[in-house]
Amino acid sequence: MSDDKKLLTEVEDAIANCMKCGNCMEVCPIYKEFKTESTVARGKIALMESVINGQSDITAGFDQRMAMCVSCKACTAKCPCGVKADELIIKGREAVVKARGLHPIKKAAFALLKARPLFDLGLRMAGMFGSLAFKKLPGRMATVARFPMPGLDRKRVMAPFASTPLRSQYPEVVKVDNPKFRVAFFTGCTINYIYTDVGQAVMNVLKENDVEVTLPPMQHCCAVPVHISGDIELAKVFAKHNIETFERYNPDYIVAACGSCTMAWKKDYPDMFADDPDMKARAEKLAAKTYEISQFLVDVVKFRRDNLGEVNATVTMHDPCHMARGIAVTAQPREVLKAIPGVKFVEMKEPARCCGAGGSFSLAHYDVARTINDRKVADIASTGADTVATGCGMCRMHITDGLVQSGRNEQVFHTVQLLDKAYKAGKKDEPKKPKDEFHFH
Amino acid sequence: MQSGLMDSLKRIVGTEHVLTNQEDLLCYSYDATPGFSHMPDAVVMPGTADEVAKVLAAANDAKVPVYPRGSGTNLSAGTVPLKGGIVLLMTRMNKIVEIDTANLIAVTEPGVVVADLNKAVEEFGLIYPPDPGTVATATMGGTVSENAGGLRGLKYGVSKHYIMGLEVVLADGRILNTGGKTVKDVAGYDMTKLFTGSEGTLGVITKITVKLMPAPEARKAMLATFGNLDDAGQAISAIIAAKIIPATLEIMDNATIRTVEDFSKVGLPTTAEAVLLIEVDGIPEVVEKEAAKVVEVLKANNAAEIRVAKDAGERDKIWAARRAALPALAKLRPTTFVEDATVPRSKVPDMIRAVNEIAARYNVTIGTFGHAGDGNLHPTIVCDIRDDAEMDRVYKAMDEIFAVSLKLGGTLSGEHGIGVGKLRYMESQFGPAGMAAMRSIKKALDPNCILNPGKLVGECG
Ligand SMILES: Cc1cc2nc3c(=O)[nH]c(=O)nc-3n(C[C@H](O)[C@H](O)[C@H](O)COP(=O)(O)OP(=O)(O)OC[C@H]3O[C@@H](n4cnc5c(N)ncnc54)[C@H](O)[C@@H]3O)c2cc1C
Ligand code: SF4
Ligand code: SF4
Ligand code: SF4
C-alpha cells in the first residue's frame, strides 16, 4: 500500500466510529452555506473511508473537498460518537500532501515560513513597504490593497504589517521591580508582524501586574497554519524549534495571546510527537506551563482590579474556535471584560460560531469565508455593541473586514487591549484625585 | 445514464446544481443506515417545484430512478440509490413560506430543517411538535416522508397528526395539492395522509402545510429507578390509567443504564432493571397536580428512587441522561443499528425481556431504550459491520426482534419507516392482500417505478 493510503489506514478505526448520523450538519459553518454532503464532516469521513476500501483515490477532487473545512472543531464538539472529525480531516490533508504535494500558493508561503530568518526579513520588509501597497483605513488598524496581489482579494481589508515588529520594540527581557512571575511571551506571527498593538497591550498589562516578560527573539510561527494544511513534517520542525527555544529560558509560564498559538503549545505539540517519547515529554512539560493571556490573568495572576479606570464601551465577544473548543477558554476573557468599569457587556447569539477566517482558509476561499462572516456580522449588529472583543488576530482581521464590507462602524480589539485601556484610564484619573481626600469620621 | 438526460437536467436546474463528480457521488451513496451503499449517477438540486416537475418528467420519460433526499438521516436506507440514477437533493428549497398565527398554521418548503421552523414559530409562543432525535438536522420533507415522531409522541403524536396539506409532484411531473388550511376537511380520499409516510415512493413533496400548537407554559420532569422491570411496566400503564398523558414517558433498560453511567456519570444506579423518565407539560397548576399524581403512582409501583426536577438545571440533568443513551451505546462499537419496533404499551416489559433473551442467545450487544409511553422501543444493536461472522448473528437477532414485536401485537416501525432496512418483514405485518393493495397504489401513481424503486413496498414492476 502506498504511504498516503497507509496514513488513512492508521485512522481506519476512528473513521469507522462515525455512525453517519449527520449530527455534524447542525453546526458546520461550511455545510450551512453549501448544504451538500461533501462540505460536512460526515461526507469527508465517507470519502476517506472510500479511499481506504479502494473505492476511490486521493484525487484532485478529494483534495478540494478536504480543503473545504475551517478546522473550527464544531463537528467534533457535537459528535455523539466522539469522532474527532476535525483531526481526521487534517489526516486526510496529510494524505493529500503525501500523495500530491502542497497547493502551489501554500508551498510558496510555507517555503518562506520554513527559513525563519528569511521569513522574519520578508515580513519586516512588508512592514516597511506596506504603506506603498496598502491604503490605510483610518482608525481601524486596517488597509485595503492598492495593487492586485496573488492570492489576495482586491477589496479585502487587511491589517497593515507593522513597520517595526513587536519583538524589535522591546529588549529581550522586560524587568519589573518586584516580579511575581517570570513568563516567556510567545507572540505568534500575527502579533509580532501585524497586530503589534495587541503585543504592546500584553506587555503593559503584565507589567501592571508585576510580571517579568521575556520575548525570546528566535521564536518561530506556532505551526498551526502548516499543520492544518496537512504538512505535518514542517509543523514538527516548527514545534521542535519553538520547544528548544523556550526550554532555554526555563520560564515559570509561557503566555500567548492567540487561541491557536496556545492550542499549538498545549495540545498540538504533545500530539505531534506521539512516537518520540523524549520530545513528547519535553512538549508536555511546556504545555503544562502554557496559558492564554486572559486565562493567565484570571487563573494565575488574579489581575489587579483596584486601579482600573473607566472605558466607556458596549462590548460583545467573539469566541475564536480554537479558544472555545481548542483550549476551552471562554469564561476568563469575559471575566476580564466584566471587571472593567464602564464596559457594558452584551452577549451575541452564537459567540463561538466560526467567523470564517480559519487560518489560511480565508486566503484560499475568500468568498465562502465572507458568507460565513456575514452571519457573524449580523449577530454583532443585533447586539447594538460598538466594540467587539476577541482573542485571535486572524479573527480580528476577518471580522474587521466583514464589518467594513457591510459599512459598519464597530471596532474590533483583542480583549487584553481593553484591559490595557482601563489601566491607562486609571492612571489618567489618579492625579485628579486629591491625595488628602480621606477624612476620618 | 444517457447523456441526453444529463443535458436536460443541467438545463432544468442549472449546471452548477447537478453534481457528477466521483467524489460528490460517493457522498450520496449512503445515509445514516449502516450496511447499505450504492453510487448514484447524478445528484440534482432543484430550486423550485417547477424544476422538480421538469426533472421528474424527464426521468420518467427515460425511465431513470429518482431518490428524493433531505438530510439523509433516516435509519432505513430510504435514500440510498440502490439502482443508480438521480439523487434529488431537496436542501436548496429551504424557505419558510408563511407563518399564519390566525390559523395556527405554517407553510414550508421541504428543505427547511425542523428545528429552524420551531425557532421561527417560538416567538409567537407556538411549537411544531414532531421532534425526532435529529430535529436539528432532519428536513421537513424527510420527516413528513418518514412520518417521524419523537420524545413527545405519547401526548402529541407523530408527523401525520400535524400535516394539513401538501404540494406533491407526481412521477410524471404533474403537480397536485392535497388538504389545506381548513381544520375540517373530509372531502375525498385522505391524500395528505397517503403521501405522509410514503418515503418518497409516491411523489416528491415540494410544499408542506402544518398545524402548530401553543407552546406549553410549564413542564416538570422526573426520573424513577426500578429494581424490577415488571414494576416499571406496571407504572407505565398505571400512569395512563390515572388519566395522565405525559408529554414524554421514556424507558432505559439495564444494559443502557450501565452504558450511560459508564460514559457520562449522571448518577444512575447500575443495578436498576429500568429507569423511567417522565415529563408532564401544560398549564402550571395542572402540571403541578399531574406531577404529584405521577409521583404517587410511581411510589405505589415500587419505584426505588424518584427524582423530581426543581428547576431548569435539574430538568436538563434528567434529560441529559436520556440524551446520552444512544451516543453512549454508539461509542461502544463502530456500527450502530437503531431499530424502532413498537408494541402496545402494556407489552413493554415483555418486549424488553424478549430482546435481552435474543441478545444473549445470539451473543450480540443490545441496549434498549425508547418511548415506553407509546410502546415505541429502540433496541439498539452495536457491532462491527466489518466482522462477517458477527453480522450474521446480528441480522438473525434483528429478524427475531421484529418477529417478536409483531407477535406481541406490535408494528415494524413506530417512527423510522421501512425503506429497505425492514422491507423483508413487511409481508408478515400486512399479509399478501395488504401488500398487493399498497403495490397497486404505487403502480397507479408511479407506473414506471422510478420513485425510490424497491423501497417500502419492494419491487412493483
Ligand atoms: C441518531 C438518530 C436519531 C433519530 N431519532 C429519530 C426519532 O427520534 N424519531 C424519528 O422518527 N426518526 C428518528 N431518526 C430518523 C430520521 O432522523 C428521520 O427519519 C428523519 O425524518 C429523516 O429526515 P431527513 O431530512 O434526513 O430525510 P432523509 O433521510 O433524507 O429521507 C428520508 C425519506 O424521505 C424521503 N424524502 C426526503 N425528502 C423528500 C421529499 N421532499 N419528498 C418526498 N420524499 C422525500 C426520502 O426518499 C427517504 O425515503 C433518527 C435518526 C438518527 C440518525
Ligand atoms: S462525525 Fe459524528 S456527528 Fe458527524 S456523522 Fe459521524 S458520528 Fe455523526
Ligand atoms: S471543523 Fe468546522 S468546518 Fe471543518 S468539518 Fe468540522 S464543523 Fe465543518
Ligand atoms: S495564529 Fe499561530 S501562526 Fe499565527 S500567530 Fe496565532 S496561530 Fe501563528
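Lettering of chains follows the sequences in order, A, B, ..., and the numbering in each one begins at 1. Keep in mind that what you see is a predicted model, and the values were worked out from it rather than measured.
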Q.
Heavy-atom pairs under 4.5 Å with chain A: which of B:Asp384, B:Thr137, B:Leu329 has the most?
A. B:Thr137
Q | Note, B:Arg386 side chain near A:Asn53 side chain (heavy atom, < 4.5 Å) | A | no
(Q) With a 4.5 angstrom heavy-atom cut-off, is it the side chain or the backbone of A:Gln55 that approaches chain B, or both, or neither? (A) both
Q: For A:Lys267, look at atom NZ and say whether over 12 heavy atoms of other residues, nucleotides or ligands are found less than 6.0 Å away.
A: yes
Q: Could you pull out the closest heavy-atom pair between A:Ser56 and B:Gln22, with the gap in Å?
A: CB-NE2, 3.7 Å
(Q) Report which part of B:Asn21 has an atom under 4.5 Å of a heavy atom belonging to chain A: side chain, backbone, both, or neither. (A) side chain
Q. Just wondering, do A:Lys20 and B:Thr73 contact through their side chains at under 4.5 Å, heavy atoms?
A. no
Q. When rounded to the nearest 0.5 angstrom, what distance separates OG1 in A:Thr36 from CE in B:Met45?
A. 6.5 Å
Q.
Quick check: do A:Glu37 and B:Tyr30 have side-chain heavy atoms less than 4.5 Å from each other?
A. yes
Q: Please name the pair of heavy atoms, one in A:Leu47 and one in B:Cys27, separated by the smallest distance, quoted to 0.1 Å.
A: CG-SG, 3.9 Å
Q: May I have the step-by-step check of side chain to side chain donor-acceptor pair (under 3.5 Å) for A:Ser38 and B:Glu23, ending in yes or no?
A: CA-CA 8 Å; A:Ser38 76; B:Glu23 289 81 10; over 6 Å; no
Q) Do the non-hydrogen side-chain atoms of A:Arg65 and B:Asp24 ever get within less than 4.5 Å of each other? A) yes
Q | Within 6.0 angstrom of A:Lys32 NZ, more than 12 heavy atoms from elsewhere | A | yes
Q.
Shorter than 4.5 Å, heavy atoms on both sides: which option in B:Gly72, B:Ser37, B:Ala115 has the most such pairs with chain A?
A. B:Gly72
Q. Between A:Cys81 and B:Ala330, what is the shortest heavy-atom contact and its length?
A. SG-CB, 3.8 Å
Q: Can you check whether anything in residues 75-93 of chain B gets within less than 4.5 Å of chain A, heavy-atom wise, and list it by number?
A: B:Leu89, B:Thr91
(Q) At a heavy-atom distance under 4.5 Å, which candidate from B:Ser71, B:Ala328, B:Gly111, B:Ala138 has the highest pair count against chain A? (A) B:Ser71
Q) Picking from B:Ala136, B:Pro34, B:Ala324, which has the most non-hydrogen pairs under 4.5 angstrom with chain A? A) B:Ala136
(Q) Before you tell me yes or no, could you show the steps for B:Val382 and A:Met19 under side-chain contact (heavy atoms from CB on, under 4.5 Å), namely the whole-Å CA-CA distance, both residues' side-chain angles and the distance that decides it to 0.1 Å? (A) CA-CA 11 Å; B:Val382 295; A:Met19 69 167 178; over 6 Å; no
Q. Among A:Asp13, A:Ile15, A:Asn17, whose side chain to side chain contact (heavy atoms under 4.5 Å, CB included) with B:Pro334 holds?
A. A:Asn17
Q.
Taking every non-hydrogen pair under 4.5 Å, which of A:Cys24, A:Gly43, A:Cys79 racks up the most with chain B?
A. A:Gly43
Q.
Contact between B:Asn94 and A:Lys35 at the side-chain level, heavy atoms closer than 4.5 Å - yes or no?
A. yes
